[in-house]
**Student:** 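Quick one: the structure is below, questions incoming.
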Amino acid sequence: MSNAPHILVIDDEPQILRAIRTILTEKQFRVTTASRGEEGLALVAANEPDLVILDLGLPDMDGAEVCQRLREWTQTPIIILSVRDSERDKVAALDMGADDYLTKPFGIEELLARVRVALRHSSRMQGTQSKVVNAGTITIDLAFHNVKRGDKEVKLTGREYKLLAYLASNHGRVLTHQSILTHVWGPEDADHTEYLRVYMRQLRKKLEDDPERPQYILTEPGIGYRFIADE
Amino acid sequence: MNSVNMQNSSVLSRLWQYLLAFLLIAVITMIFFLARDVLDTTLIALLYLIPLGMITAFLGLGPGLTSALITFLAFNYFFIQPYYTFTVHQPADVAILMVFLIVAVVISQLVGRAQAGLVAATAREREATQLYELSTAFAGLPNDHAIVQILAKQVYAVAEGEYVELNVKGAHPFAYRLPEVEPPLRSPELIIPIEAARGVLGEIRLWRAAPVISPTEKRLFQTFTSQGALALERAWLAQAESRARVLEESDQLKSAILSSVSHELRTPLSTIKAAASSLRGKQVSWDSPARTELIAAIDDEADHLNMLVGNLLDMSRIESGALKPKREWNILPEIIGSVLARMKHLAEEHQIKVDVPESLPLLPVDYVQMEQVFTNLVSNSLKYAPANSVVCIRAQVEDESIHVQVSNQGPQVPPQDLKRIFDKFYRITAADKVTGTGLGLSICKGIIEAHGGNIWAENIPDGLAFHFRLPLTWDGAQPPQLPMDTEAE
């Protein structure tokens, strides 16, 4: 199984390491573990894993710093682990280059889904990007700038389309407020989360079956948004 | 400068007194001189006692004695033969001089004593008034800073001070200065210790023009400081008492948390332990439906434990005042939507209706905290309301605020308990009947109040409604205008 994706888990709690290793090994991944930030950085350099799972509460280093130091030389996807109520840290790590996050305690489906999305995203970065994203009855054709719900075309304004296209091309991944605003509006508007609130509401009204209970455009409280597409 | 003027003026007024006495004697002498032929010498001597007495009574001993001497000389010169000489021939004339002098001295003594008595009485009255004012001002002052401020002001006013500094020792030493500038460079003229039964509490340092302290002032300052010391001690005792009460209350809170937590933690833990050990012990066969059941129980109870820990953290943050909303302009339907999406599996037995107008303005709230409020209110409703009943979320703008209502068709709450359901660990139902921490509603209250709003509950005809109201503005800021986005873009 030398082709199996190699995952490095950096966490200082042995029970968590044990649980994640057991589960991921069971799912045919190769797993390496580290309990300190420096050790983790060294292992990434030595083994070049396909994915890093990084706990934000390490004893020797700040999680955001680990992300930053990794991003200086590698694009290996990083999934961060942290506890509830640390939105600020999560956002800092995500803006520093982490790809996604999981809040402890997490379910195993959630962990596997994040791992799948992160691996798929990194392989897409190297290969060709899929041009059509499907989510339920919604079809987004990124090449032809065309959005359909069922058979009917959905009329979107330029900004709405740009927003949806950014979400859809990163489907499955969390996108922070800042990254969406910078990408869709420009760096000078990176603080205007109210733009996002209003535009997301408009998009949901045009795309969701029940805008009051969204299924595709999900809010990640205090962090950002996530677009859920079909696998 | 001032005092020099005052000294000048007092010398001047004393000169005037002597001049006035002299003038009076001169006028009287002139009148008597004109009537010299009619009046008997003895009568004149007797009549001289009248101005003499008046001068002594009104102008004091010095002018009185001087007048007695002048009167005698005038009497001798003008009325005793031989006229216009100062020669004394008869011993009776010496007796008259003696009488004049004695009368002047006696009257001045009497009047002086009476005046001194009056001055003392006035001073005592003023002292009493000042003391009364001081003790009234101190009464009910719980704050040592306020007490010190009043004491300094009184001393400043009474001592006609130029600068007063009041240093207080103790657990939290501080100083109060009047006026509030740096003290003069020279050392203070007066240092008065503030003493209480337990020792010296501090001192008053007084700078003023007159360095000498009169016994009256000394007594007054001592009374002031002892009053001040008493007030300070009382304030400190009251503070200590309230601290003790807070400690006692937080102690009670802790034991309430412990008892609630140990109960609440054990329930899911027992389930998890039982399920996990039976799965491990192979009592349950691999294909038994009980297996799925047990695994689901472990999963659910772990979530429950997680929620419990989260609630405790939230509560401790609210208690310590660390809950600071991270305000951003948010859309209420989005918050409600993401709460309902997350609670979908919990709300399977109920119907949740959302009635929120599209025209609602952006709200300056913390997204995560408001999610918590809706989660707690909705889950509370789901927990108590019967299956298949309706939970309704409404919102509308009223004046300068938004009014949100979460109503359910669950049991009503006795009117006297409507306020208390927002208290920590307060439950109407016995703890073993319904799971939860007894913290959900008090967390809502903490969050809403941190946002500058208020929350209350109300019995409605078919159930219970939670209401809360939040301001639409944030530090006076109005909802932002969004840039226009047109189809043509």
Side-chain angles (χ1 to χ4, degrees), chain A residues 19 83-88 90-91 103-110 155-163 177-178 181 184-186 188-189 191-206 208-226 228, chain B residues 299-300 302-307 309-311 313-314 316-317 322-323 326-344 347 352-356 358 360-372 374-375 393 479-489:
Chain A
V83 290
R84 194 182 76 119
D85 296 327
S86 55
E87 274 74 23
R88 193 188 302 259
K90 288 179 211 165
V91 170
T103 303
K104 287 180 187 176
F106 47 83
I108 220 61
E109 290 83 8
E110 230 183 328
K155 286 227 181 294
L156 296 178
T157 66
R159 190 81 76 184
E160 282 168 0
Y161 176 76
K162 208 171 167 189
L163 180 59
H177 295 142
Q178 200 192 329
L181 283 164
V184 179
W185 273 268
E188 66 280 3
D189 285 322
D191 293 332
H192 290 277
T193 46
E194 68 269 12
Y195 295 0
L196 281 185
R197 302 298 181 203
V198 173
Y199 276 87
M200 289 299 179
R201 176 109 187 116
Q202 288 175 16
L203 272 185
R204 280 170 176 159
K205 272 194 272 180
K206 291 184 181 179
E208 295 277 0
D209 300 328
D210 180 0
E212 306 303 340
R213 294 166 177 75
Q215 281 176 277
Y216 307 116
I217 304 173
L218 302 188
T219 305
E220 296 285 333
I223 311 274
Y225 290 89
R226 191 191 298 274
I228 302 295
Chain B
D299 197 26
D300 291 349
D303 285 345
H304 182 188
L305 270 181
N306 185 34
M307 185 200 76
V309 173
N311 275 352
L313 277 176
D314 284 341
S316 74
R317 207 169 298 163
L323 188 91
K326 181 172 165 275
R327 289 180 190 254
E328 277 171 342
W329 296 102
N330 279 298
I331 292 183
L332 193 64
E334 179 175 9
I335 300 177
I336 297 174
S338 82
V339 167
L340 296 185
R342 190 135 358 104
M343 295 182 79
K344 207 154 58 182
I352 299 185
K353 262 173 50 185
V354 180
D355 179 13
V356 177
E358 212 35 65
L360 225 53
L362 291 162
L363 299 180
V365 294
D366 182 313
Y367 190 99
V368 180
Q369 290 179 10
M370 285 315 292
E371 255 203 353
Q372 184 78 41
F374 279 103
T375 307
I393 303 174
Q481 293 297 312
L482 294 174
M484 294 300 287
D485 183 29
T486 55
E487 298 290 325
E489 195 183 340

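These numbers were taken from a predicted model, which means no experiment stands behind them. Here is the naming used below: chain letters follow the sequence lines, and residue numbers restart at 1 for every chain.
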**Student:** Once rounded to the nearest 0.5 Å, what's the spacing between atom CG of B:D355 and atom CD of A:E212?
**Tutor:** 10.0 Å
**Student:** Please rank B:K344, B:E371, B:Q369 by heavy-atom pairs under 4.5 Å with chain A and give me the top one.
**Tutor:** B:E371
**Student:** Shortest non-hydrogen contact from A:E194 to B:W329?
**Tutor:** CB-CB, 3.7 Å
**Student:** Against chain B, work out which of A:T193, A:D189, A:D191 has the most heavy-atom pairs shorter than 4.5 Å and name it.
**Tutor:** A:T193
**Student:** Looking only at heavy atoms, which two atoms of A:P214 and B:A341 are closest? And how far apart?
**Tutor:** O-CB, 4.1 Å
**Student:** Please determine, among A:I223, A:L218, A:T219, the option with the most heavy-atom pairs under 4.5 Å with chain B.
**Tutor:** A:T219
**Student:** Measure the CG-CZ distance between B:L340 and A:R213 for me, rounded to the nearest 0.5 Å.
**Tutor:** 5.0 Å
**Student:** How long is the straight-line distance from CZ of A:R201 back to CD of B:E358, given to the nearest 0.5 Å?
**Tutor:** 4.5 Å
**Student:** Ignoring hydrogens, what is the shortest heavy-atom contact between A:V198 and B:L362? Give both atom names and the distance.
**Tutor:** CG2-CD2, 4.1 Å
**Student:** Check whether any side-chain heavy atom of B:P333 lies under 4.5 Å from a side-chain heavy atom of A:R204, and answer yes or no.
**Tutor:** no
**Student:** Select one option (side chain, backbone, both, neither) describing which atoms of B:I352 are under 4.5 Å from chain A's heavy atoms.
**Tutor:** both
**Student:** Identify which of B:D299, B:V339, B:N330 forms the greatest number of heavy-atom pairs closer than 4.5 Å to chain A.
**Tutor:** B:N330
**Student:** Out of curiosity, B:K326 NZ to A:E87 CD, how far, rounded to the nearest 0.5 Å?
**Tutor:** 8.5 Å
**Student:** Please name the pair of heavy atoms, one in A:Y225 and one in B:E334, separated by the smallest distance, quoted to 0.1 Å.
**Tutor:** OH-OE2, 2.5 Å
